[in-house]
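This is a predicted model, so every value here is computed, not measured. Nothing fancy with the numbering, it's 1 onward along the sequence. Only this structure's heavy atoms are used, side chains among them; waters, hydrogens and symmetry mates stay out.
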Amino acid sequence: MRKKLSLLIFVCLIFFLFLNFIFAQPYINSSLGLVENSTWQQNLTAVRFSATALGDLDGDGDLDLALSGCLSAGASDCDNGAISKIYINNGTALTENQTWQNNLTGAGYGSLALGDVDNDGDLDLALSGCLSGTETSCDNIFSKIYLNNGTTFTESSQWQGNLTGVYSGSTKLIDIDNDGDLDLALVGKSSSTRIAKIYLNNGTTFTESSQWQGNLTGVRYGMTAFTDVNGDGYLDMGLLGADLNNNNYIGFYINNRTSLIYNSIWSSDLVPTNLGSLVFGDYNNDGKIDLIETGIGDYLYTFNNTGSTFVINQKSSGEGGNLGGGGEV
(Lines give C-alpha, C1' and ligand atoms only; values in the text may rest on other atoms or scores of the structure.)
Protein backbone atom coordinates (compact mmCIF):
# COMPACT_ATOMS: atom_id res chain seq x y z
CA MET A 1 0.00 0.00 0.00
CA ARG A 2 2.85 2.34 0.92
CA LYS A 3 4.61 1.57 -2.39
CA LYS A 4 1.42 2.31 -4.35
CA LEU A 5 0.98 5.58 -2.45
CA SER A 6 4.58 6.58 -3.15
CA LEU A 7 4.14 5.74 -6.83
CA LEU A 8 0.92 7.79 -6.96
CA ILE A 9 2.64 10.76 -5.33
CA PHE A 10 5.54 10.45 -7.79
CA VAL A 11 3.17 10.31 -10.78
CA CYS A 12 1.21 13.33 -9.47
CA LEU A 13 4.45 15.25 -8.98
CA ILE A 14 5.58 14.53 -12.55
CA PHE A 15 2.13 15.52 -13.87
CA PHE A 16 2.24 18.76 -11.84
CA LEU A 17 5.70 19.62 -13.16
CA PHE A 18 4.54 18.87 -16.71
CA LEU A 19 1.51 21.17 -16.37
CA ASN A 20 3.66 23.85 -14.79
CA PHE A 21 6.08 23.63 -17.73
CA ILE A 22 3.29 23.78 -20.34
CA PHE A 23 1.48 26.75 -18.82
CA ALA A 24 4.73 28.56 -18.11
CA GLN A 25 5.76 28.53 -21.79
CA PRO A 26 3.97 31.74 -22.81
CA TYR A 27 5.70 33.56 -19.97
CA ILE A 28 9.06 31.98 -20.75
CA ASN A 29 8.75 32.69 -24.45
CA SER A 30 7.61 36.26 -23.81
CA SER A 31 11.06 37.05 -22.41
CA LEU A 32 12.88 35.85 -25.51
CA GLY A 33 14.10 38.21 -28.21
CA LEU A 34 15.66 41.67 -28.20
CA VAL A 35 14.83 43.61 -25.04
CA GLU A 36 15.40 47.36 -24.72
CA ASN A 37 18.25 48.01 -22.30
CA SER A 38 18.35 51.39 -20.59
CA THR A 39 21.89 50.86 -19.28
CA TRP A 40 23.43 50.29 -22.69
CA GLN A 41 21.48 53.10 -24.38
CA GLN A 42 21.38 55.76 -21.67
CA ASN A 43 24.30 57.77 -23.09
CA LEU A 44 23.12 57.80 -26.71
CA THR A 45 21.97 61.01 -28.40
CA ALA A 46 18.51 60.95 -29.97
CA VAL A 47 18.70 61.63 -33.72
CA ARG A 48 16.52 61.35 -36.83
CA PHE A 49 17.42 60.58 -40.46
CA SER A 50 20.25 58.61 -38.92
CA ALA A 51 22.85 55.93 -39.61
CA THR A 52 24.66 53.50 -37.29
CA ALA A 53 27.40 50.90 -37.48
CA LEU A 54 28.97 48.55 -34.93
CA GLY A 55 32.66 47.63 -34.94
CA ASP A 56 35.65 47.15 -32.64
CA LEU A 57 37.20 50.59 -33.14
CA ASP A 58 39.77 50.47 -30.35
CA GLY A 59 40.84 46.85 -30.78
CA ASP A 60 39.85 45.68 -27.31
CA GLY A 61 37.63 42.82 -28.47
CA ASP A 62 34.17 44.34 -28.06
CA LEU A 63 31.85 46.27 -30.38
CA ASP A 64 31.72 50.06 -30.30
CA LEU A 65 29.12 52.28 -31.99
CA ALA A 66 29.33 54.95 -34.70
CA LEU A 67 26.21 57.15 -34.96
CA SER A 68 25.20 60.05 -37.18
CA GLY A 69 21.97 61.96 -37.75
CA CYS A 70 19.93 65.14 -37.36
CA LEU A 71 19.31 66.50 -33.87
CA SER A 72 15.64 65.91 -33.30
CA ALA A 73 14.49 68.20 -30.49
CA GLY A 74 11.96 70.68 -31.86
CA ALA A 75 12.89 70.12 -35.50
CA SER A 76 11.10 68.34 -38.30
CA ASP A 77 14.09 68.18 -40.63
CA CYS A 78 17.75 68.94 -39.95
CA ASP A 79 17.17 72.54 -38.81
CA ASN A 80 18.95 72.00 -35.49
CA GLY A 81 22.07 70.66 -37.17
CA ALA A 82 23.62 67.22 -37.42
CA ILE A 83 26.01 65.11 -35.39
CA SER A 84 28.46 62.25 -35.83
CA LYS A 85 29.48 60.50 -32.63
CA ILE A 86 31.49 57.54 -31.40
CA TYR A 87 30.43 55.51 -28.37
CA ILE A 88 33.03 53.20 -26.84
CA ASN A 89 31.94 49.92 -25.24
CA ASN A 90 33.21 49.71 -21.64
CA GLY A 91 31.65 46.30 -20.98
CA THR A 92 28.43 47.56 -19.41
CA ALA A 93 27.47 50.62 -21.47
CA LEU A 94 28.26 52.64 -24.59
CA THR A 95 30.01 55.88 -23.59
CA GLU A 96 30.46 58.91 -25.84
CA ASN A 97 34.15 59.48 -26.55
CA GLN A 98 35.32 62.95 -27.50
CA THR A 99 38.78 61.79 -28.53
CA TRP A 100 37.44 59.37 -31.11
CA GLN A 101 34.78 61.70 -32.50
CA ASN A 102 36.28 65.19 -32.31
CA ASN A 103 37.38 65.25 -35.97
CA LEU A 104 34.10 63.96 -37.42
CA THR A 105 31.71 66.11 -39.45
CA GLY A 106 28.06 65.98 -38.38
CA ALA A 107 26.03 64.09 -40.97
CA GLY A 108 22.29 64.43 -41.51
CA TYR A 109 20.38 62.24 -43.97
CA GLY A 110 23.61 60.28 -44.03
CA SER A 111 25.15 56.87 -44.24
CA LEU A 112 28.29 55.38 -42.76
CA ALA A 113 30.38 52.23 -43.00
CA LEU A 114 33.29 50.76 -41.04
CA GLY A 115 36.11 48.85 -42.69
CA ASP A 116 39.90 48.62 -42.94
CA VAL A 117 40.40 50.94 -45.90
CA ASP A 118 44.20 51.18 -45.71
CA ASN A 119 44.85 47.56 -44.67
CA ASP A 120 46.64 48.45 -41.43
CA GLY A 121 44.54 46.17 -39.23
CA ASP A 122 42.01 48.61 -37.76
CA LEU A 123 38.58 49.91 -38.77
CA ASP A 124 38.35 53.17 -40.69
CA LEU A 125 35.16 55.16 -41.32
CA ALA A 126 33.38 56.18 -44.53
CA LEU A 127 30.76 58.87 -43.90
CA SER A 128 28.38 60.73 -46.21
CA GLY A 129 25.55 63.20 -45.67
CA CYS A 130 24.95 66.92 -45.24
CA LEU A 131 25.33 69.45 -42.45
CA SER A 132 21.84 70.94 -42.32
CA GLY A 133 18.67 71.64 -44.28
CA THR A 134 15.77 69.53 -45.49
CA GLU A 135 15.32 66.36 -47.51
CA THR A 136 14.74 68.40 -50.66
CA SER A 137 17.40 71.03 -50.01
CA CYS A 138 20.38 69.81 -48.03
CA ASP A 139 23.32 72.12 -47.37
CA ASN A 140 27.04 71.25 -47.49
CA ILE A 141 26.80 67.75 -48.97
CA PHE A 142 29.87 65.58 -48.49
CA SER A 143 31.47 62.11 -48.59
CA LYS A 144 34.48 61.65 -46.34
CA ILE A 145 37.01 59.02 -45.29
CA TYR A 146 38.40 59.00 -41.75
CA LEU A 147 41.44 56.84 -40.97
CA ASN A 148 41.76 55.11 -37.60
CA ASN A 149 45.16 55.87 -36.01
CA GLY A 150 44.46 53.77 -32.90
CA THR A 151 43.11 56.57 -30.72
CA THR A 152 40.99 58.75 -33.03
CA PHE A 153 39.60 59.19 -36.55
CA THR A 154 41.48 61.57 -38.82
CA GLU A 155 39.98 62.93 -42.05
CA SER A 156 42.02 61.93 -45.11
CA SER A 157 41.94 64.30 -48.06
CA GLN A 158 43.98 61.75 -50.00
CA TRP A 159 41.49 58.90 -49.63
CA GLN A 160 38.37 61.03 -50.10
CA GLY A 161 39.61 63.40 -52.79
CA ASN A 162 37.76 61.72 -55.67
CA LEU A 163 34.44 61.07 -53.92
CA THR A 164 31.11 62.66 -54.83
CA GLY A 165 29.22 64.16 -51.92
CA VAL A 166 25.82 62.50 -51.39
CA TYR A 167 22.95 62.31 -48.92
CA SER A 168 19.79 60.20 -48.57
CA GLY A 169 21.72 57.20 -49.79
CA SER A 170 23.99 54.32 -48.88
CA THR A 171 27.72 53.95 -48.22
CA LYS A 172 29.24 50.46 -48.32
CA LEU A 173 32.81 49.18 -48.06
CA ILE A 174 33.22 45.92 -49.99
CA ASP A 175 35.90 44.13 -52.04
CA ILE A 176 34.12 44.28 -55.39
CA ASP A 177 37.10 43.22 -57.54
CA ASN A 178 38.50 40.52 -55.20
CA ASP A 179 41.96 42.04 -54.96
CA GLY A 180 42.12 41.91 -51.17
CA ASP A 181 41.27 45.50 -50.29
CA LEU A 182 38.00 47.33 -49.63
CA ASP A 183 36.36 49.32 -52.41
CA LEU A 184 33.52 51.81 -51.95
CA ALA A 185 29.94 51.73 -53.25
CA LEU A 186 28.17 55.08 -52.98
CA VAL A 187 24.55 55.89 -53.90
CA GLY A 188 22.33 58.85 -53.16
CA LYS A 189 21.44 62.43 -54.06
CA SER A 190 24.31 64.70 -55.03
CA SER A 191 24.03 68.45 -55.52
CA SER A 192 22.73 68.01 -59.07
CA THR A 193 21.60 64.43 -59.69
CA ARG A 194 21.16 60.92 -58.27
CA ILE A 195 24.13 58.60 -58.42
CA ALA A 196 25.26 55.00 -58.01
CA LYS A 197 29.04 54.83 -58.13
CA ILE A 198 31.84 52.37 -57.50
CA TYR A 199 35.25 53.58 -56.32
CA LEU A 200 38.16 51.14 -56.49
CA ASN A 201 40.83 51.08 -53.79
CA ASN A 202 44.28 51.40 -55.37
CA GLY A 203 46.12 51.23 -52.05
CA THR A 204 46.38 54.97 -51.46
CA THR A 205 43.01 56.42 -52.58
CA PHE A 206 39.55 55.64 -53.98
CA THR A 207 39.23 56.07 -57.75
CA GLU A 208 35.88 56.23 -59.54
CA SER A 209 35.45 53.32 -61.97
CA SER A 210 33.25 53.95 -64.99
CA GLN A 211 33.73 50.29 -65.91
CA TRP A 212 32.31 48.90 -62.68
CA GLN A 213 29.50 51.45 -62.29
CA GLY A 214 28.50 51.95 -65.92
CA ASN A 215 25.33 49.85 -65.74
CA LEU A 216 24.05 51.07 -62.37
CA THR A 217 20.91 53.19 -61.92
CA GLY A 218 21.36 56.34 -59.86
CA VAL A 219 18.91 56.55 -56.96
CA ARG A 220 17.92 58.65 -53.99
CA TYR A 221 16.54 57.21 -50.72
CA GLY A 222 18.69 54.31 -51.80
CA MET A 223 20.11 51.17 -50.30
CA THR A 224 22.69 48.69 -51.52
CA ALA A 225 23.55 45.20 -50.31
CA PHE A 226 26.16 42.74 -51.53
CA THR A 227 26.39 38.96 -51.60
CA ASP A 228 27.76 36.17 -53.78
CA VAL A 229 24.41 34.91 -55.05
CA ASN A 230 25.72 32.57 -57.76
CA GLY A 231 28.65 31.08 -55.87
CA ASP A 232 31.44 32.27 -58.16
CA GLY A 233 33.38 33.96 -55.37
CA TYR A 234 32.52 37.52 -56.42
CA LEU A 235 30.09 39.91 -54.73
CA ASP A 236 26.87 40.69 -56.60
CA MET A 237 24.76 43.76 -55.82
CA GLY A 238 21.16 44.60 -54.92
CA LEU A 239 20.09 48.22 -55.36
CA LEU A 240 16.84 50.02 -54.54
CA GLY A 241 15.65 53.61 -54.34
CA ALA A 242 13.95 56.40 -56.27
CA ASP A 243 15.38 56.95 -59.76
CA LEU A 244 15.80 60.17 -61.75
CA ASN A 245 12.13 60.05 -62.78
CA ASN A 246 11.04 59.66 -59.14
CA ASN A 247 9.92 56.08 -59.80
CA ASN A 248 10.54 53.35 -57.25
CA TYR A 249 13.35 51.11 -58.42
CA ILE A 250 14.99 47.80 -57.55
CA GLY A 251 17.58 45.85 -59.49
CA PHE A 252 19.97 42.97 -59.01
CA TYR A 253 23.40 43.13 -60.64
CA ILE A 254 25.70 40.18 -61.28
CA ASN A 255 29.45 40.69 -60.87
CA ASN A 256 31.18 39.36 -64.02
CA ARG A 257 34.63 40.12 -62.53
CA THR A 258 35.04 43.36 -64.47
CA SER A 259 31.65 45.06 -64.07
CA LEU A 260 28.22 44.89 -62.42
CA ILE A 261 25.60 43.79 -64.97
CA TYR A 262 21.85 44.19 -64.45
CA ASN A 263 20.21 40.76 -64.49
CA SER A 264 16.53 40.66 -65.48
CA ILE A 265 16.07 37.06 -64.28
CA TRP A 266 17.32 37.67 -60.75
CA SER A 267 15.41 40.97 -60.65
CA SER A 268 12.13 39.74 -62.12
CA ASP A 269 10.22 39.01 -58.89
CA LEU A 270 11.64 41.86 -56.82
CA VAL A 271 9.34 44.74 -55.86
CA PRO A 272 10.39 48.35 -56.69
CA THR A 273 10.55 50.60 -53.63
CA ASN A 274 12.44 53.40 -51.91
CA LEU A 275 13.16 54.33 -48.29
CA GLY A 276 13.83 50.65 -47.78
CA SER A 277 16.46 48.10 -46.96
CA LEU A 278 17.91 44.89 -48.38
CA VAL A 279 19.30 42.02 -46.28
CA PHE A 280 20.83 38.85 -47.69
CA GLY A 281 20.99 35.59 -45.74
CA ASP A 282 20.04 31.92 -45.85
CA TYR A 283 16.85 32.23 -43.78
CA ASN A 284 15.47 28.79 -44.77
CA ASN A 285 18.79 27.01 -44.24
CA ASP A 286 18.92 25.40 -47.70
CA GLY A 287 22.46 26.53 -48.47
CA LYS A 288 21.44 29.37 -50.81
CA ILE A 289 21.43 33.09 -50.08
CA ASP A 290 17.88 34.47 -49.82
CA LEU A 291 16.68 38.07 -49.65
CA ILE A 292 14.56 40.18 -47.32
CA GLU A 293 13.32 43.53 -48.65
CA THR A 294 11.59 46.34 -46.78
CA GLY A 295 10.22 49.58 -48.18
CA ILE A 296 7.92 52.56 -48.02
CA GLY A 297 4.41 51.65 -46.84
CA ASP A 298 5.72 49.38 -44.05
CA TYR A 299 6.18 46.42 -46.36
CA LEU A 300 8.43 43.44 -45.79
CA TYR A 301 9.03 40.80 -48.46
CA THR A 302 10.99 37.58 -48.26
CA PHE A 303 12.37 35.99 -51.42
CA ASN A 304 13.62 32.44 -51.79
CA ASN A 305 16.75 31.83 -53.85
CA THR A 306 15.96 28.98 -56.27
CA GLY A 307 19.52 28.84 -57.55
CA SER A 308 18.70 30.88 -60.65
CA THR A 309 16.38 33.66 -59.39
CA PHE A 310 14.62 35.18 -56.37
CA VAL A 311 10.99 34.07 -55.94
CA ILE A 312 8.68 35.91 -53.58
CA ASN A 313 7.75 33.75 -50.61
CA GLN A 314 5.97 35.96 -48.10
CA LYS A 315 4.69 39.52 -47.73
CA SER A 316 3.89 41.38 -44.56
CA SER A 317 2.46 44.89 -44.67
CA GLY A 318 1.49 47.71 -42.37
CA GLU A 319 -0.67 50.68 -43.16
CA GLY A 320 -0.03 53.17 -45.90
CA GLY A 321 0.70 53.02 -49.61
CA ASN A 322 2.13 50.29 -51.74
CA LEU A 323 5.44 49.45 -53.28
CA GLY A 324 4.59 49.78 -56.92
CA GLY A 325 4.12 53.45 -57.78
CA GLY A 326 6.28 56.45 -58.44
CA GLY A 327 5.48 59.96 -57.34
CA GLU A 328 7.49 62.84 -55.96
CA VAL A 329 10.18 61.79 -53.50
Quick check for you: to the nearest 0.5 Å, what is the distance between Asp177 atom CG and Thr258 atom OG1? 10.5 Å
Residue pair Tyr249 / Pro272, side-chain heavy-atom distance below 4.5 Å: no
Hydrophobic cluster partners of Val311 (side-chain heavy atoms under 4.5 Å): none
Ile289 with Leu291, same ILVMFWY side-chain cluster at under 4.5 Å: yes
Separation between OG (Ser128) and CG (Leu186), nearest 0.5 Å, reads 5.5 Å
So does Ile265 get a backbone contact from the side chain of Thr309, meaning a donor-acceptor N/O pair under 3.5 Å? yes
Test side chain to side chain contact (heavy atoms under 4.5 Å, CB included) applied to Tyr87 and Leu44, step by step: CA-CA 8 Å; Tyr87 298 86; Leu44 304 184; 3.6 Å; yes
Side-chain contact test, heavy atoms from C-beta onward, threshold under 4.5 Å: evaluate it for Ile145 versus Leu147 and give yes or no. yes
Could you check whether any side-chain heavy atom of Met223 comes within less than 4.5 Å of a side-chain heavy atom of Lys172, counting everything from C-beta outward? yes
Test item: Asp232 side-chain N/O and Tyr234 main-chain N/O as donor-acceptor pair under 3.5 Å: yes
Kindly write out the residues that satisfy side chain to side chain donor-acceptor pair (under 3.5 Å) with Ser111, not counting sequence neighbours, or none if the list is empty. none
Donor-acceptor contact present, side-chain Thr273 to main-chain Ile296, <3.5 Å: yes
Spacing of OG1 belonging to Thr95 relative to CD1 belonging to Ile86, to within rounding of 0.5 Å: 13.0 Å
With sequence neighbours left out, what residues match Leu131 under side chain to side chain contact (heavy atoms under 4.5 Å, CB included)? Thr105, Asn140, Phe142
Please confirm whether the backbone N or O of Gln41 pairs with a side-chain atom of Asn37, one donor and one acceptor, at under 3.5 Å? no
Is there a donor-acceptor pair under 3.5 Å between the side chain of Asn202 and the backbone N or O of Phe206? no
When you measure from the side chain of Asp175 to the backbone N and O of Leu182, does any donor-acceptor pair fall under 3.5 Å? no
Evaluate the criterion side chain to side chain contact (heavy atoms under 4.5 Å, CB included) for residue pair Glu293 and Leu278; output intermediate values, then yes/no. CA-CA 5 Å; Glu293 173 194 349; Leu278 297 170; 4.0 Å; yes
Same apolar cluster: Ile176 and Val219, side chain cutoff 4.5 Å: yes
Determine whether Asp236 and Phe226 make a side-chain contact, defined as any pair of heavy atoms from C-beta on separated by less than 4.5 Å. no
Check: Asp58 and Trp100 side chains under 4.5 Å, non-hydrogen atoms: yes
In the hydrophobic cluster built from side-chain contacts under 4.5 Å, what are the other members alongside Leu244? none
Would you say that Val187 contacts Ile195 through its side chain, given a criterion of any heavy-atom pair below 4.5 Å between the two side chains? no
Would you give the length of the straight line joining atom CG of Leu127 to atom CD of Gln160, rounded to the nearest 0.5 angstrom? 10.0 Å
Mind telling me whether Tyr262 and Tyr253 have parallel, tilted or perpendicular rings, with 30° and 60° as the class edges? perpendicular
Do the rings of Trp266 and Phe252 sit parallel, tilted or perpendicular, given the 30° and 60° boundaries? tilted
Under the rule for side chain to side chain donor-acceptor pair (under 3.5 Å), what residues qualify as partners of Lys189, not counting sequence neighbours? none
What's the separation between atom CG in Asn245 and atom CZ in Arg194, rounded to the nearest 0.5 Å? 9.0 Å
Which label fits Tyr299 and Tyr301: parallel for a plane angle under 30°, tilted from 30 to 60°, or perpendicular past 60°? parallel
Restricting to non-hydrogen atoms, name the atom on Tyr109 and the atom on Gly133 that form the minimum distance, rounded to 0.1 Å. OH-O, 3.7 Å
Partners meeting side chain to side chain contact (heavy atoms under 4.5 Å, CB included) with Asp116 (sequence neighbours left out): Asp118, Asn119, Asp120, Asp122, Asp124
Could you go step by step and tell me if Ile83 and Val47 meet the side chain to side chain contact (heavy atoms under 4.5 Å, CB included) rule? CA-CA 8 Å; Ile83 63 164; Val47 288; 3.5 Å; yes
So, does Asn89 use its side chain to make a donor-acceptor pair with the main chain of Asp62 at under 3.5 Å? no
Determine whether more than 12 heavy atoms belonging to other residues, nucleotides or ligands lie under 6.0 Å from atom CG of Leu54. yes
What do the steps show when you test Asn103 against Thr152 for side chain to side chain contact (heavy atoms under 4.5 Å, CB included), and what is the final call? CA-CA 8 Å; Asn103 298 315; Thr152 190; 3.6 Å; yes
Hey, does Ser267 have a side-chain heavy atom less than 4.5 Å from the side chain of Ile250? no
Report yes if the SG atoms of Cys78 and Cys130 are separated by under 2.5 Å, and no otherwise. no
4.5 Å side-chain heavy-atom contact, Asn201 and Leu184: no
Donor-acceptor pair, Ser277 side chain versus Thr294 backbone, under 3.5 Å? no
Has the side chain of Asn255 got a donor or acceptor atom that lies under 3.5 Å from a matching backbone atom of Leu235? yes
